[in-house]
Every structure is written in C-alpha cells, then in structure tokens.
Amino acid sequence: MTTMAQIGQILVDVPTMQTNDPYSYAIPAELEHQVQVGMRVIVPFGRGHRLVDGVVVGLSDVTSFDGQLKPIETVLDLAPVLNSELRQLADWLATKTYAFRITCIQAMLPNLLKTQPKRQVRPTTTLSDAEMATYFPEGAPRDFDATKLDEETVAGLLKLQRAGEVEVVYQVKDQATAKTTTGITPALPPTKLNEIREAVSQRAPKQADLLAFLAQMPADKVIAQSEARKQANVSAAVMTTAAEKGWLTRSTLEVYRDPFHQPVTPTKPLQLNAEQQVAVSAITTAVDEQQTENFLVEGVTGSGKTEVYLQSIAVALDQGRTALMLVPEIALTPQMVNRVKARFGQRVAVLHSGLSKGEQYDEWRRIDRGEATVVVGARSAVFAPVENLGIIIMDEEHESSYKQDENPRYHARDVALWRGEYNHCPVVLGSATPSLETRARAAKGLYTRLVLPKRAKTQAMMPTVHVVDMREQMKLQGDSDFSEPLMTAIQERLDRHEQIVLMLNRRGYSSFVMCRDCGFVLKCPNCDISLTLHMDTHSMKCHYCGHEEPIPHVCPNCHSKKIRYYGTGTQKVQQALEQRLPDAKILRMDVDSTRRKGAHERLLRQFGEHKADILLGTQMIAKGLDFPNVTLVGVLNADTALGLPDFRASERTFQLLTQVSGRAGRASKPGEVYIQTFNPDHYAIQLAQQQDYERFFVTEMHMRHQGSYPPYYFAVQLTASHEEEAVAAKAMFQIVEALKQGLSPQAIILGPTPKAIARVKRKYYYQVVIKYKHEPKLRAVLEQIRQAAQVPARHGLAVTIDSEPMSFM
DNA sequence: AGCACGCCGACT
DNA sequence: GTCGGCGTGCTC
C-alpha cells in the first residue's frame with residue numbers, strides 16, 4: 001500500500017454558496033486507514049467547536065488552503081455510501097438545478113443517513129441552586145435548541161455562557177441503525193451435543209429437543225433465535241438455559257426490515273404479440289451492445305408495456321447487469337410491486353415513501369451490497385446505488401410527480417438519462433400519452449419510438465367516449481353535478497351489477513362558500529385562497545396551511561343568510577349521489593380518505609372485491625388501477641384543469657382524460673366514458689374523446705410554437721417570497737432588472753407577477769419566467785442572483801430557481 | 001446555519 | 001463610560 005493520504009476534501013453540511021466547494025481537513029493517524037472517498041464524516045466547523053457532518057469527496061496530500069487544518073473528528077461509515085458515479089451525478093445535478101452540492105447528496109441518500117446535529121449546554125462550574133432550578137430543571141446537560149426554547153431561557157443561558165459558567169457542546173447523532181435480533185450458534189461440536197442430550201434428565205425433554213436441533217445445525221452458522229425456537233419448538237427460557245450451560249452462544253444478528261413479507265407466486269414471461277416482440281428486441285439489442293440508446297414506448301393501457309419492461313429487464317439480468325424501474329409514487333401499489341416481485345423474486349428491492357425510514361434504509365443497503373439487482377421505486381429511486389446498470393425504465397414518463405418541487409428541483413427523467421449515458425445502457429420511457437418534450441425528442445430522432453397499438457390480452461374494444469355539454473344540461477335541469485346521460489348510464493350499470501368509476505377533478509378545489517347576495521367568498525386569513533368546505537369535520541379548511549374555522553351561517557360581509565356552498569367537492573358529490581341512488585354502494589377516494597397509511601390499498605381492494613358499485617375520487621383514481629368489472633367511467637368536471645393559468649393545462653387535461661378513459665371496459669365487456677364539460681369544443685377534450693394522441697401532439701405543438709413555450713423554448717422560473725408583500729415584490733423587480741441587463745434581447749421575460757396563489761402560509765409570492773433558446777450568459781446571471789439573494793435571505797426573503805418548471809403557476 | 005466581530009443608540 | 005442591539009463576513 002502506498003502512503004496514506006494526509007488530507008481529506010470534505011463537503012460540509014452547510015448549504016451556502018461559500019461552502020459549496022470542499023474544505024480541506026487533516027486526517028489523524030488513527031483514522032488514516034478508515035477514511036475513504038464517499039464516506040460520511042463529522043468535522044469541526046467554524047469558531048468554537050461546532051460539529052457538522054460532511055461527505056469525503058476527495059483524498060490528497062496537498063491543499064491550496066494555507067491556514068491551519070482542523071482534523072476530521074469521526075468517520076461515520078465503514079464503507080462509502082456514495083460511489084464514484086453518484087458523486088459525479090451530484091456535481092452535475094448541483095450545476096443543472098442551481099442547488100448546493102450537499103443538498104444534492106442528501107437527496108440521494110436514504111433519510112436515515114442524515115445525521116441529527118444537536119446542541120446541548122452544561123455548567124462548567126457549580127451553579128447556584130436557583131440557577132440550576134431555572135435552567136436545568138431536569139438536570140445537566142440539557143438540550144439547547146434556540147428555536148424551541150422561550151426567549152427568556154435562551155437569553156439567560158447565553159448570559160451564563162458569556163460569563164463562562166456554562167458551555168455549549170455539540171453532538172452529531174448518526175441515525176443509521178440496522179435492526180438486530182438475537183442470533184444463536186452451537187458452541188460445541190455435534191458429537192458433544194449428542195452426548196449431553198443422552199445424559200440430560202428425562203424430565204427435560206425440551207432441552208433434549210434443543211440439543212438435537214443444535215447438533216444438526218452447521219457449526220459455523222448463526223441463525224435468529226426466534227427462528228431456532230420455531231424449528232426446535234422450544235421456549236425462550238430453554239434458550240437461556242442452554243446459553244448458560246454453554247451449549248450455544250448468542251450474538252447480535254443484523255436483519256432487514258422486509259416491507260413485503262407476503263409470499264408472491266412466481267410468474268413466467270408471457271407470450272408477446274408482434275409489436276411487443278419488436279419493442280423487446282430493439283431494447284435488448286441496446287442492452288446487449290451496451291449502447292446508450294433511449295426509447296419511447298408508446299402504448300395505451302393494456303397494450304402490454306409492463307411485459308415489455310419485464311422481459312427487457314430479464315435480459316439485462318441474464319447478462320449479470322442490474323435494472324432500475326421508475327414508476328410514479330401513486331402507481332407503486334402492491335399490485336405493481338407484486339408483479340415485478342413475481343417475476344424476479346428476491347432480487348427486487350422497492351423504494352418509496354410508503355416505507356418506514358428503517359425499511360427504506362434496509363432496501364437501500366440490499367441494493368448497495370448488490371443483494372438486490374432490480375430496483376423498483378418512485379422519483380428518488382433514480383439515485384439508487386445500483387452498480388453496473390443494464391437498463392433503466394421510466395413508466396408513465398409524463399407524470400409530473402417525477403419532478404421534485406423542492407431543492408434540488410430535479411426531474412427524474414433527466415437523471416435517468418444521465419445514468420443511462422454513464423452506464424452505457426438504454427433508458428426506456430413509457431407512456432400512453434407522452435409529454436410533449438419526450439414525444440418531440442422522439443420526432444427529432446433522439447429517442448427510438450416504439451409503438452404498441454393493440455390491447456395485448458383479449459383485443460378488448462376501446463371504450464366509447466361521450467362528451468356531455470354541461471351548458472345545455474344547465475339549461476335543461478339547472479345546476480347539477482350529474483347530467484342526464486350520465487345518470488342513465490350509471491343506472492344501467494347498477495342494474496347489470498357492473499361497476500362505475502367517477503372522477504372529480506381536484507380535491508374540493510371548487511367547494512367553497514359564497515354569499516349569493518354579495519358574492520363574498522370565505523378565504524384563509526393566511527393564504528390567498530378560498531377555504532374548502534369539509535362536511536366530515538363540519539368546518540372550513542385551508543388546503544395550503546391547514547387553517548380551520550367553523551362554517552359560517554351568516555355572511556360576514558353583508559349579513560345575508562344566503563351564504564352557501566358553491567361548486568363541488570368529493571364529499572358533496574357523494575352525498576348527492578347517495579340521495580339519488582340510495583341503493584348504490586359508494587366508495588370515496590381522495591386525499592382525505594387516503595391519508596392514513598395503507599388506506600389507499602384498502603379502498604382499492606374493497607372496490608376490486610365488488611364491495612362497492614361506485615368508486616368516486618380525484619385524479620388518483622385515474623392511475624394504475626385495473627378492474628375488469630368497471631364498464632363506465634364518468635368525468636364530472638373535465639374543465640377545472642383547463643382553466644388554470646398554465647401552459648401545460650391542455651396537456652394535463654388530455655392526459656388525464658385519456659388515462660381515466662382507459663379504466664373503462666377491460667376483458668369482454670365494452671366500456672363507456674362520459675366526460676362532462678363546459679368546453680365541449682376544446683381540442684384537448686375533443687381529441688381525448690377520439691383518443692387521438694397523435695393529433696393532440698401536433699395541435700398542441702402548434703399552440704406551444706405560437707406561444708413560444710416549451711419544448712420550443714427552454715424555461716426558468718424564479719420565485720421570491722416574503723411575509724411582506726412589498727419586500728417580495730421589490731426583490732422580484734430587482735431580479736427582473738438584473739435579468740434584463742444580463743440576458744440577450746431574444747430572451748422572453750414574463751413578469752414579474754404575483755403567483756396565481758399569491759399568498760401561502762403567510763408568505764407572498766412573486767415570480768418571473770424566462771423563456772429562451774440560446775442564452776450563454778444565463779448561468780452567470782442566475783449565479784449572480786443567487787449570490788445576491790444570500791444577504792436578504794437572513795430577513796426571510798426566499799429566492800428559488802426552477803429550471804424547466806412543470807408549470808408557470 | 002451559527003458564531004464573532006464591529007458599529008450604533010440607551011442605559012447604569 | 002458600558003451593555004447589548006443587529007448588520008456583515010467567515011467557517012478548512
């Protein structure tokens with residue numbers, strides 16, 4: 001071995017622009033053999049002895065820093081948690097998303113690997129009884145978190161600190177703990193154990209059982225005590241006796257928290273149809289040849305995309321490579337996971353937010369150790385530490401949940417493409433309704449387009465889609481959530497014992513209270529949006545900050561009693577439906593009814609078992625569910641999304657309607673879809689009715705071209721927020737000034753404007769959007785804005801940069 | 001982020 | 001004259 005490095009380059013966990021580059025730390029002799037690049041460490045940082053955590057990103061013998069180096073305090077890991085690929089990815093991501101490097105690294109690691117820094121205070125001398133009683137009522141040392149203590153205590157403690165009577169100590173706690181259980185191993189050779197067994201008293205049959213069990217155990221194997229007890233059929237007491245008598249030794253055994261303990265029945269690859277065959281062979285050729293060829297697999301629900309994915313993955317695995325499969329969070333139902341597990345068994349690891357932190361960590365370790373070679377997960381799984389990737393799949397690539405809406409504001413698709421290039425492996429993007437960006441890139445030849453036209457299974461007929469003009473319905477029967485044609489169709493299904501899915505766009509978005517006399521709308525005192533009526537709690541709630549107040553019976557503005565609900569929420573629709581169809585069983589599924597863990601799956605299972613006739617829900621029902629007995633799908637208000645001030649409104653509406661239509665009519669029963677709308681002539685609705693994605697793509701591309709929107713232009717959105725509207729507005733005007741100065745005249749600057757919902761959680765939001773084609777100075781200008789935003793950040797001004805935002809709202 | 005240093009007004 | 005407010009710069 002060559003001489004060990006003397007200096008570690010550490011990215012400290014202090015997200016600022018000045019600490020975005022690594023700092024040099026001395027490696028003490030006793031840590032020389034432990035420290036490796038990619039490990040987490042604890043280092044002293046700043047004056048005093050504040051401890052922070054950090055990540056080793058380099059080792060060297062020299063440094064350009066000419067001051068006194070501080071030594072690394074502790075090494076937190078036994079093995080690196082970030083390999084070379086992920087370290088490079090973090091750097092790329094930081095540049096791409098204008099985020100701090102350490103923030104990117106944290107986004108890549110499981111939550112449990114985040115340390116918890118803690119401050120404590122303790123007396124340095126003997127304090128008076130009064131002081132002890134005031135400041136250390138529960139003894140010393142005590143936690144010192146200035147944000148949680150009252151001002152008086154903080155001030156008092158700081159005073160004592162200045163006087164040198166107390167000191168602040170720092171701790172950095174590593175949360176990463178593996179779950180353990182007691183393991184046992186035979187302490188004596190089998191012959192000896194058998195001897196003892198024969199000598200043991202007749203009145204101790206259980207001890208004899210255990211001895212027999214131990215005798216047949218492999219000598220060097222450790223098994224869980226609980227497992228041994230089951231197999232030998234003995235109690236814990238017998239185990240303890242055996243340990244005391246020296247027959248076995250106990251040890252600590254590391255176990256995984258397995259989130260999917262239920263057994264799955266293995267499946268075999270299905271017979272492919274011609275188009276599927278073409279797709280699989282194109283993809284697997286790229287896998288074979290280790291090419292960074294990327295694919296767009298276009299196929300409607302039931303066209304057999306998943307089978308194409310699974311068989312392509314199988315080829316990668318056969319070559320000793322690994323696979324990553326990304327799905328939207330909402331589609332990560334046990335149904336989906338089981339399908340992959342059924343094909344690849346123990347090799348599959350699952351990563352998503354439904355798992356506990358411990359389970360996430362364990363799945364992550366199984367991947368890290370190479371024990372799992374197929375990873376299925378939501379957005380952040382794109383950072384899974386799989387090595388030697390042979391294929392990356394991203395299902396439902398158009399889903400907006402692939403974009404993270406906090407720092408780092410990355411799109412999982414971009415990360416997937418980066419990793420595909422790094423690993424020389426194909427990336428497969430799949431969707432029935434690809435995002436315009438992706439479809440446009442396929443048109444340019446950047447992705448190979450593979451189309452799966454038919455329904456794979458029974459050639460089930462595509463559903464008939466009816467558009468119901470609600471303006472006419474209004475004239476005919478007044479204000480109702482249900483049109484006549486839809487009600488008739490529902491009744492038919494009920495008579496035939498078939499099932500119905502009804503979708504309401506957006507949770508209670510329009511269920512606000514309005515005064516019919518003066519038009520007054522009850523709004524949240526903290527946020528700039530209407531409060532939503534919740535009949536379950538009999539209160540008005542704000543969906544942004546959670547503010548809650550009683551339902552008004554008198555208008556606060558004009559004191560009229562005609563203050564009523566307006567618009568529609570799932571609960572109100574459910575009530576109306578129950579009234580009109582007293583015999584139908586209705587299941588409601590929205591953010592409120594699925595808040596509890598597992599509620600989502602439970603509701604779906606109930607519906608699958610036909611314990612209800614009608615499933616009523618928000619967008620979430622449009623995705624990933626597959627019930628053969630559903631022959632009618634109704635969209636109650638197709639327009640809500642259309643009216644939003646967003647360039648993607650049509651795209652979203654089209655995707656949603658197409659997707660939900662796919663829920664109707666599987667197997668042998670033909671399906672019908674009713675779309676209720678006030679805009680029956682809108683192209684997004686018309687083309688969704690005709691299920692004509694290609695024409696929608698062409699039409700929408702034309703609209704985007706007209707409006708200079710993505711994918712014709714790149715876009716960056718900047719937001720400034722502050723408790724005082726004037727501060728946020730002023731900051732945004734200054735930003736716009738800087739942009740105008742720095743950018744070329746070709747750059748289109750939209751704004752500054754207050755955001756569509758200008759006030760959320762007591763803060764005002766202002767934004768600007770830059771649309772551009774070629775703007776070499778953009779990075780420099782944005783970095784300068786980022787730099788300048790640091791000073792006012794101390795006074796609560798938050799500036800965010802979102803490259804390629806999902807919407808301009 | 002969090003700490004010290006330094007510059008200002010209000011107090012013993 | 002000093003205590004303590006906050007604005008600013010720096011942390012290997």
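Proteins come first, then strands; the chains are lettered A, B, ... in the order of their sequence lines, and each starts at number 1.
As rounded to whole Å, 14 Å separates atom P of B:dA1 from atom CG of A:N20. Taking atom CG of residue A:L51 and atom P of nucleotide C:dC12, one finds them 12 Å apart after rounding to whole Å. Nucleotide B:dA1 holds its C1' atom 11 Å from the CD atom of A:Q18, rounded to whole Å. For the pair A:D53 CG and C:dT11 P, the computed distance is 20 Å after rounding to whole Å. Rounding to whole angstrom units, CE of residue A:M17 and C1' of B:dA1 are separated by 16 Å. If you take CZ of A:F100 and P of C:dT11, they are 17 Å apart, rounded to a whole angstrom. The distance between atom CD1 of A:I27 and atom P of C:dC12, rounded to the nearest whole Å, is 16 Å. As a whole-Å value, the separation of A:F45 CZ from B:dG2 C1' is 10 Å.
Cation-pi contact between A:R779 and A:Y98: present, with separation from the ring centre below 6.0 Å and deviation from the ring axis of at most 45°.
Among the protein residues, A:T63 comes within range of no part of the nucleic acid, since none of its heavy atoms lies under 4.0 Å from any strand. Among the heavy atoms of the strands lying under 4.0 Å from A:Q68 are primed sugar atoms or P, OP1, OP2 only; no base atom is included. At the heavy-atom level, A:F65 lies under 4.0 Å from base atoms of the strands shown.
Distances from the side chain of A:Y23 to the nucleotides B:dA4, C:dT11, B:dA1 place C:dT11 closest. Among the nucleotides C:dG9, C:dT11, C:dC12, the one closest to the side chain of A:L69 is C:dC12. Picking from B:dA4, C:dT8, B:dG2 the nucleotide with the shortest atom distance to the side chain of A:R50 gives B:dG2. Of the candidate nucleotides C:dC12, C:dT11, B:dG2, C:dT11 has the atom lying nearest to any side-chain atom of A:T19. Closest contact between the side chain of A:H795 and the listed nucleotides C:dT8, C:dG7, C:dT11 involves C:dG7.
Between the side chain of A:Q360 and the backbone N or O of A:N111, no donor-acceptor pair lies under 3.5 Å.
Under the side-chain contact (heavy atoms from CB on, under 4.5 Å) criterion, A:S400 pairs with A:R652, A:M806, not counting sequence neighbours.
Rounding to the nearest 0.5 Å gives a distance of 7.0 Å between CE of A:M39 and CG of A:L78.
When ring centroids are compared, A:Y410 and A:F383 come within the 6.0 Å threshold.
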